[in-house]
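Below is one structure, written out as structure tokens, with a few remarks after it.
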Amino acid sequence: MRLKCAVVDDYQGVATSVADWSALDGELEVVSFGEHYADEDALVEALAGFDIVVTLRERVAFPASVLGRLPRLRLLVASGMRNSVIDYAAAEKHGVTVCGTASSPTPPVELTWALLLGLARGIVTESTALRSGGPWQSTLGADLHGQRLGLLGLGKIGGRVARVGLAFGMRVSAWSQNLTQEHAEEVGVERAESKEELLRTSDFVSLHLVLGERTRGLLGAPELALLKPTAYLVNTSRAGLVDQEALLTALREGSFAGAAVDVFDSEPLPADHPLRSAPRLLATPHLGYVSRANYARYYGQAVEDIRAYLAGEPIRVLGPA
């Protein structure tokens with residue numbers, strides 16, 4: 001009897017077309033799920049008959065309460081090599097092997113700049129007005145050249161964002177708890193002395209940090225109050241880095257010019273969520289990693305992981321960060 005593999009949260013319905021699954025023909029029946037199961041009972045019911053599950057990024061959580069109810073599950077393949085919503089101890093306890101794939105930093109860098117430029121030049125407002133017969137030019141664009149870009153985080157993604165900012169002729173500074181002067185100089189940016197200094201002096205602020213105990217709620221009401229009235233905030237990293245209630249209040253009060261976010265505490269975002277109607281906000285549905293090449297990498301390497309697992313060969317084992 002062939003094994004069964006579930007691909008969850010395949011919103012675009014492309015998991016089986018962007019990669020070649022033919023290496024598993026005859027061994028595996030692949031079923032793609034386009035809907036999101038936010039309820040654990042519904043998720044368990046949907047996955048009860050599967051031996052292998054392929055999950056995309058951190059869209060679906062696999063806590064002990066789920067893994068313990070999937071006795072048939074033997075292999076969980078996650079895209080990327082970091083996943084904070086899998087209970088690895090529970091997986092080991094229940095005999096579930098967890099593995100991952102490579103993930104490119106390029107797509108989130110590109111989306112960061114799409115959002116930043118969209119904010120700066122009022123792209124959505126002006127495009128909507130043009131298409132609906134609204135006013136011809138209603139916004140005054142913010143310049144990038146000569147302005148300061150402040151980066152919270154200067155890792156693989158932040159460093160690439162910095163280099164694009166420099167190419168635009170921006171002054172770029174960065175801060176994180178572990179950032180050294182040597183690394184800042186290597187990238188070609190200034191090292192801010194403190195988070196507060198970076199927020200006070202930047203015209204654009206972009207977050208590129210891993211969410212953890214030290215970074216959760218990094219920007220709350222006191223920090224957001226430091227932003228210039230003309231400043232813009234971009235978050236393509238993790239929603240938990242910013243206090244969401246404080247962000248909503250700041251947007252409603254207009255304490256700074258605007259924000260762009262691609263990440264949310266609850267995904268998919270509920271239809272009645274207040275961020276859907278917040279003023280001065282450009283929002284996208286977590287598109288940071290969603291690109292054709294990245295999906296081909298995710299699902300192509302998922303196929304490799306499954307084939308290797310079935311053959312008893314080494315796989316990309318994934319564990320807690």
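All values below were derived from every heavy atom in this structure, side-chain atoms included, with hydrogens, water molecules and symmetry-related copies excluded. Residue numbers run from 1 in the order of the sequence given.
Not one N or O on the side chain of D41 forms a donor-acceptor pair closer than 3.5 Å with the backbone of V44. Not one N or O on the side chain of S127 forms a donor-acceptor pair closer than 3.5 Å with the backbone of I123. D305 places no side-chain N or O within 3.5 Å of a backbone atom of I315 that could act as its donor or acceptor partner. In this structure, K93 contributes its side chain and A64 its backbone to no donor-acceptor pair below 3.5 Å. For the pair R72 (side chain) and G49 (backbone), a donor-acceptor distance under 3.5 Å is present. At distances below 3.5 Å, not a single donor-acceptor pair connects side-chain atoms of R121 with backbone N or O atoms of G141. No donor-acceptor distance shorter than 3.5 angstrom exists from the side chain of S255 to the backbone of A225, with no hydrogens or angles considered. Side chain of D10 to backbone of V14: a donor-acceptor contact under 3.5 angstrom is found. Checked by atom type and distance alone, the side chain of T101 pairs as donor or acceptor with a backbone atom of G80 at under 3.5 Å. Checked by atom type and distance alone, the side chain of E27 never pairs as donor or acceptor with a backbone atom of L24 at under 3.5 Å.
With a 4.5 Å cut-off on side-chain heavy atoms, L117 and L144 count as touching. Counting heavy atoms from C-beta on, the side chains of V290 and Y295 come closer than 4.5 Å. Side-chain contact between L233 and L224 is present, with heavy atoms from C-beta onward closer than 4.5 Å. For the pair K156/H208, no side-chain contact is recorded, criterion being any heavy-atom separation below 4.5 Å from C-beta on. Side-chain contact check for H36 versus Y11: some heavy-atom pair is nearer than 4.5 Å. Counting only heavy atoms from C-beta outward, the side chains of K228 and R148 never approach each other to under 4.5 Å. Here the side chains of V303 and D20 are not in contact, with every heavy-atom distance at 4.5 Å or above. Within the 4.5 Å cutoff, the side chain of L241 has heavy atoms near those of the L211 side chain.
Put simply, CG on L111 and CG on D262 are 5.0 Å apart, with the number rounded to the nearest 0.5 Å. Here the straight-line distance linking atom CG of L247 with atom CG of L275 works out to 6.5 Å at 0.5 Å rounding. Atoms NE2 and OG, on H273 and S266 in that order, are 6.5 Å from each other to the nearest 0.5 Å. Remark: Q137 CD to L130 CG distance equals 10.5 Å, nearest 0.5 Å. Summarising the geometry, atom NE2 belonging to H94 is positioned 10.5 Å from atom CZ belonging to R74; distances are rounded to the nearest 0.5 Å. Interatomic distance, NZ of K195 versus CG of L226, reported as 9.0 Å (0.5 Å rounding).
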Apply the test side chain to side chain contact (heavy atoms under 4.5 Å, CB included) to residues T112 and V164: give CA-CA distance (whole Å), side-chain angles for both, the deciding distance (0.1 Å), then the verdict. CA-CA 10 Å; T112 295; V164 176; over 6 Å; no
Working for side chain to side chain contact (heavy atoms under 4.5 Å, CB included), residues L76 and T55: CA-CA 7 Å; L76 178 58; T55 182; 4.1 Å; yes
Would L70 and V96 count as a side chain to side chain contact (heavy atoms under 4.5 Å, CB included) if you check the C-alpha gap in whole Å, the side-chain angles of each, and the deciding distance to 0.1 Å? CA-CA 10 Å; L70 297 174; V96 179; over 6 Å; no
Could you walk me through whether L152 and L219 pass the side chain to side chain contact (heavy atoms under 4.5 Å, CB included) test, one step at a time? CA-CA 10 Å; L152 292 168; L219 300 187; 4.1 Å; yes
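A continuous path of ILVMFWY side-chain contacts below 4.5 Å connects V18 to Y298, so both sit in one hydrophobic cluster. L318 and I306 end up in different hydrophobic clusters when Ile, Leu, Val, Met, Phe, Trp and Tyr side chains are linked at under 4.5 Å. V30 and V60 are assigned to two separate hydrophobic clusters, defined by single-linkage of ILVMFWY side chains at heavy-atom distances under 4.5 Å. A chain of hydrophobic side-chain contacts below 4.5 Å, direct or via other Ile, Leu, Val, Met, Phe, Trp or Tyr residues, connects L207 to L199. M81 and V54 fall into different hydrophobic clusters, where Ile, Leu, Val, Met, Phe, Trp and Tyr are joined by side-chain heavy atoms under 4.5 Å apart, directly or via other members.
Taking all atoms of both residues into account, the shortest heavy-atom contact from T201 to E197 is OG1-O, 2.8 Å. Of all heavy-atom pairs between S103 and N294, the closest is OG-ND2, 3.8 Å.
Atom CD of E196 has more than 12 heavy atoms from other residues, nucleotides or ligands within 6.0 Å. Other residues, nucleotides and ligands place no more than 12 heavy atoms under 6.0 Å from the CD atom of E45.
Aromatic ring orientation, H286 versus Y289: perpendicular (interplanar angle above 60°, classes split at 30° and 60°). The aromatic rings of F204 and Y232 lie parallel to each other, their planes meeting at an angle below 30°, with 60° marking the opposite boundary. Between F33 and F50, the two ring planes are perpendicular [angle over 60°; tilted spans 30° to 60°].
For the side chain to side chain contact (heavy atoms under 4.5 Å, CB included) with I157, the lone residue among S237, S206, P108 that qualifies is P108.
Ion pair R82/E58 not flagged as a salt bridge, since none of the NZ, NE, NH1 or NH2 atoms sits closer than 4.0 Å to an Asp/Glu carboxylate oxygen.
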